[in-house]
Undergrad: 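Have a look at this one.
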Amino acid sequence: MAIKNLEKTVLSTLEKLDKLKLDEKLYAELSWCYRSYENDQNPVGVIEKSNQALELLKAKREESPRAVSKKLIEDLEKLVSAE
């Protein structure tokens with residue numbers, strides 16, 4: 001996945017987690033991993049936490065389809081399958 005897509009997807013994911021008030025610990029961990037990724041360009045932590053966010057957002061989408069966009073789910077799926 002291109003770096004711009006990774007950044008956009010992670011930032012969108014963080015925004016959605018915050019807006020829906022889902023798992024504050026995961027939000028903090030993903031945010032920390034993203035900042036770390038910006039410094040060292042090692043995406044391992046970002047991908048791991050994005051995978052956890054994907055599962056959480058998929059569950060939320062099943063509950064309420066309009067709460068989480070299909071595109072965000074697809075972008076996260078691409079991100080976690082890229083590595």
Undergrad: Can you sort out the partners of Glu29 under salt bridge (charged side-chain N to carboxylate O under 4.0 Å, His left out), two or more places apart, ordered by chain and number?
TA: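 With sequence neighbours excluded, Glu29 shows a salt bridge (charged side-chain N to carboxylate O under 4.0 Å, His left out) to Lys25, Lys49, given in chain and number order.
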Undergrad: Determine whether Ser50 and Thr13 satisfy the following criterion, side-chain contact (heavy atoms from CB on, under 4.5 Å), listing intermediate values before the conclusion.
TA: CA-CA 8 Å; Ser50 293; Thr13 301; 5.8 Å; no
Undergrad: Run the side-chain donor-acceptor check on residues 57-69: report pairs under 3.5 Å with partners two or more places apart or on a different chain.
TA:
unit_1: Lys58; atom_1: NZ; unit_2: Glu77; atom_2: OE2; d: 3.3
unit_1: Arg61; atom_1: NH1; unit_2: Pro65; atom_2: O; d: 2.8
unit_1: Arg61; atom_1: NH1; unit_2: Val68; atom_2: O; d: 2.6
unit_1: Ser69; atom_1: OG; unit_2: Leu72; atom_2: N; d: 3.0

Undergrad: Is it the case that more than 12 heavy atoms not belonging to Glu15 sit under 6.0 Å from its CD atom?
TA: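 Open.
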Undergrad: Does one hydrophobic cluster hold both Leu20 and Leu11, with members joined at side-chain heavy-atom distances below 4.5 Å?
TA: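 Leu20 clusters together with Leu11.
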Undergrad: Identify the two heavy atoms, one from Ile47 and one from Val80, that lie closest to each other, and give their separation to 0.1 Å.
TA: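 Taking every non-hydrogen atom into account, O-CG1, 3.7 Å.
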Undergrad: Donor-acceptor pairs under 3.5 angstrom involving side-chain atoms of residues 35-42: please list them, not counting sequence neighbours.
TA:
unit_1: Arg35; atom_1: NH1; unit_2: Glu38; atom_2: OE1; d: 3.3
unit_1: Glu38; atom_1: OE2; unit_2: Tyr34; atom_2: OH; d: 3.4
unit_1: Asn39; atom_1: ND2; unit_2: Arg35; atom_2: O; d: 3.3
unit_1: Asp40; atom_1: OD1; unit_2: Asn42; atom_2: N; d: 2.9
unit_1: Gln41; atom_1: NE2; unit_2: Tyr37; atom_2: O; d: 3.3
unit_1: Gln41; atom_1: NE2; unit_2: Glu38; atom_2: O; d: 3.3
unit_1: Asn42; atom_1: OD1; unit_2: Val44; atom_2: N; d: 3.2

Undergrad: Give a yes or no on whether the backbone of Leu6 and the side-chain of Thr9 come within a donor-acceptor separation of less than 3.5 Å.
TA: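 No: the side chain of Thr9 does not pair with the backbone of Leu6.
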Undergrad: Please walk me through it: do Val46 and Val10 pass side-chain contact (heavy atoms from CB on, under 4.5 Å)?
TA: CA-CA 8 Å; Val46 171; Val10 171; 3.5 Å; yes
Undergrad: Report yes if some heavy atom in the side chain of Leu17 is under 4.5 Å from a heavy atom in the side chain of Asp23; otherwise report no.
TA: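 A side-chain contact under 4.5 Å is absent here.
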Undergrad: About how many Å separate NZ of Lys16 and CD1 of Ile73, when rounded to the nearest 0.5 Å?
TA: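 So the gap between those two atoms works out to 10.0 Å.
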Undergrad: Under the side chain to side chain donor-acceptor pair (under 3.5 Å) test, which residues partner Lys21, sequence neighbours left out?
TA: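 Per chain and number, Lys21 pairs via side chain to side chain donor-acceptor pair (under 3.5 Å) with no residue.
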Undergrad: Of all residues at least two apart in sequence or in a different chain, which pass the salt bridge (charged side-chain N to carboxylate O under 4.0 Å, His left out) check with Lys19?
TA: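 Partners of Lys19 by the salt bridge (charged side-chain N to carboxylate O under 4.0 Å, His left out) criterion come out as none, since no residue qualifies.
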Undergrad: Let me confirm one number: the CG-CG distance from Leu56 to Leu30, rounded to the nearest 0.5 Å.
TA: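 Answer rounded to 0.5 Å: 11.0 Å.
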Undergrad: What's the spacing between Lys71 NZ and Asp75 CG if we round to 0.5 Å?
TA: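 Rounded to the nearest 0.5 Å, the NZ-CG separation comes out at 3.5 Å.
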